There are 2 protein chains.
Amino acid sequence: MSHAFDRHDHGTCIASALSAAEAACAGRGMQLTPLRRRTLEILLESHVALGAYDVLARLEAEGFGSKPPVAYRALGFLVENGFAHRIEGLSAYVACARPGSPHDPSFLVCRSCRRVAEEEIQAPLAPEAEAEGFAIERTVVEAQGLCPACRGRA
Amino acid sequence: MSHAFDRHDHGTCIASALSAAEAACAGRGMQLTPLRRRTLEILLESHVALGAYDVLARLEAEGFGSKPPVAYRALGFLVENGFAHRIEGLSAYVACARPGSPHDPSFLVCRSCRRVAEEEIQAPLAPEAEAEGFAIERTVVEAQGLCPACRGRA
DNA sequence: CGCCTCTTGTTATACTATAACATCCGCGCT
DNA sequence: AGCGCGGATGTTATAGTATAACAAGAGGCG
Ligand SMILES: [Zn+2]
Ligand SMILES: [Zn+2]
Ligand SMILES: [Zn+2]
Ligand SMILES: [Zn+2]
């Protein structure tokens, strides 16, 4: 269970994600450049999913480029390397809550505050794919609804 | 198991989906107008997911309006009423393979030919949501990969 | 130095989706 | 018939998401 909806020491989320990203980059010969690192830090500031243009606005305000490819490329790098995930149902991006270990993520996504909890589950369509001869490469699992805080505010 | 990747009598797919839509509309006081019916028929022609603008081009060629809201509204009607589903990972739409009964659909989506098989599974995040106090309203489950035919062509 | 690769930046464009307003049509009511 | 109404379709205009193609700089290495 993730801590996105709990009170927790968020500083350790940030620190462990950054050090995991640094270690993974070093190990794979990838570069965690200032732009990429800052993009990851922006996502890590909260467990809320951000749109690419939200990220871009933040980057631009801090002196990076202002055009969409700047954000899309940095986000693409983070997603490809498993440091962030794309939430398909929101067309948005969130920092990975389990950096370091490769995993097939699934999410609880609050439609009100866009906070995202990352969960670990078994691939839910594996038997069906097996029966049909379908080769699964990636499975999107996103439960949309209301988080505890937003239920309370209803 | 759906028949999207099998040889099957596709005429019965079409006929049963259309009659289920007609029955459901009659029962709920909704109107399956010519535009909506034709949109559903277009989706039913194959088990391939179509983008809204693909559908719009077909509609325009047949004398309907040519502007995006024409397609988006018809698709919205079909999705809201359970006659079609949106595939989030493709931003595309596919006819429902189990019309009539309400269900929480899940999909096997071929990234090569965009064919979609609809499956029925248990809500995969229910225990996690329960533990966190998260109220699930809808769950997107889309396995992306290669269908049997496209695997063979690799 | 000259070449190569990677990263960042730009311009321009493509693709996806909705807000707001206009028109038309069928229906119930007077 | 004349009117008001809701729903469906149509339009214009705009918002939101994403990528292709090209230019320029940094660093490694012959
Ligand atoms: Zn945290
Ligand atoms: Zn919330
Ligand atoms: Zn069929
Ligand atoms: Zn295929």
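Just so it is clear: chains get the letters A, B, ... in the order the sequence lines come, proteins before strands, and each one is counted from 1. From a predicted model like this one, the values you see are computed outputs, not experimental measurements. Values reported hereafter were calculated over all heavy atoms of this structure, with side chains retained and with hydrogens, waters and symmetry mates removed.
One finds no side-chain N or O of Ser91(A) lying less than 4.0 angstrom from the OP1 or OP2 phosphate oxygen of dG16(D). Distances shown here put every side-chain N or O of Gln31(B) at or beyond 4.0 Å from the OP1 or OP2 atom of dG7(D).
dT8(C) atom C1' lies 15 Å from atom CG of Leu75(A), rounded to whole Å. Between the CG atom of Leu32(A) and the P atom of dT7(C) there is a distance of 11 Å, rounded to whole Å. Taking atom NZ on Lys67(A) and atom C1' on dA14(C), their separation rounds to 18 Å, with Å as the unit. Atom CG of Leu56(A) and atom C1' of dG16(D) are 13 Å apart (whole Å). Atom pair Leu50(B):CG and dA17(C):P shows a separation of 13 Å (rounding to whole Å applied). Residue Leu59(B) contributes atom CG, which lies 14 Å from atom C1' of dA8(D) at whole-angstrom precision. Straight-line distance from the CZ atom of Arg38(A) to the P atom of dG9(C): 14 Å, rounded to whole Å. Between Asn81(B) atom CG and dG7(D) atom C1' there is a gap of 14 Å when expressed in whole angstrom units.
Annotation: of the two residues near DNA chain D, Phe64(B) and Arg86(A), the 5′-most nearest-nucleotide partner is Phe64(B). Of the residues near DNA chain C, Pro69(A) and Phe77(A), the one whose nearest nucleotide (by heavy atom distance) lies more toward the 5' end is Phe77(A).
Interface remark: the Tyr53(A) side chain does not form any donor-acceptor pair with the dA15(D) base, using a distance-only criterion of under 3.5 Å. Judged by distance alone, with hydrogens and angles left aside, Tyr72(A) brings no side-chain donor or acceptor close enough to the base of dA20(D) to form a pair under 3.5 Å. Donor-acceptor pairing under 3.5 Å, judged by distance alone, is absent between the side chain of Arg73(B) and the base of dG7(D).
Contact of the Val55(A) side chain with the Thr39(A) side chain is registered, since non-hydrogen atoms from C-beta on lie closer than 4.5 Å. For the pair Ser91(B)/Arg86(B), a side-chain contact is recorded, criterion being any heavy-atom separation below 4.5 Å from C-beta on.
For the residue pair His47(B)/Glu118(B), the side-chain donor-acceptor check at 3.5 Å is not satisfied.
Nucleic acid contact for Tyr93(A): sugar-phosphate only, since backbone atoms but no base atoms lie under 4.0 Å from a heavy atom of the residue. Backbone-only contact: Arg36(A) has heavy atoms under 4.0 Å from sugar-phosphate atoms and none from a base.
Ion pairing between a basic and an acidic side chain is recognised when a charged N comes within 4.0 Å of a carboxylate O; Arg138(A) and Glu88(A) show such pairing. Salt bridge annotation for Glu45(A)-Arg38(A): present, with a cationic side-chain nitrogen under 4.0 angstrom from a carboxylate oxygen.
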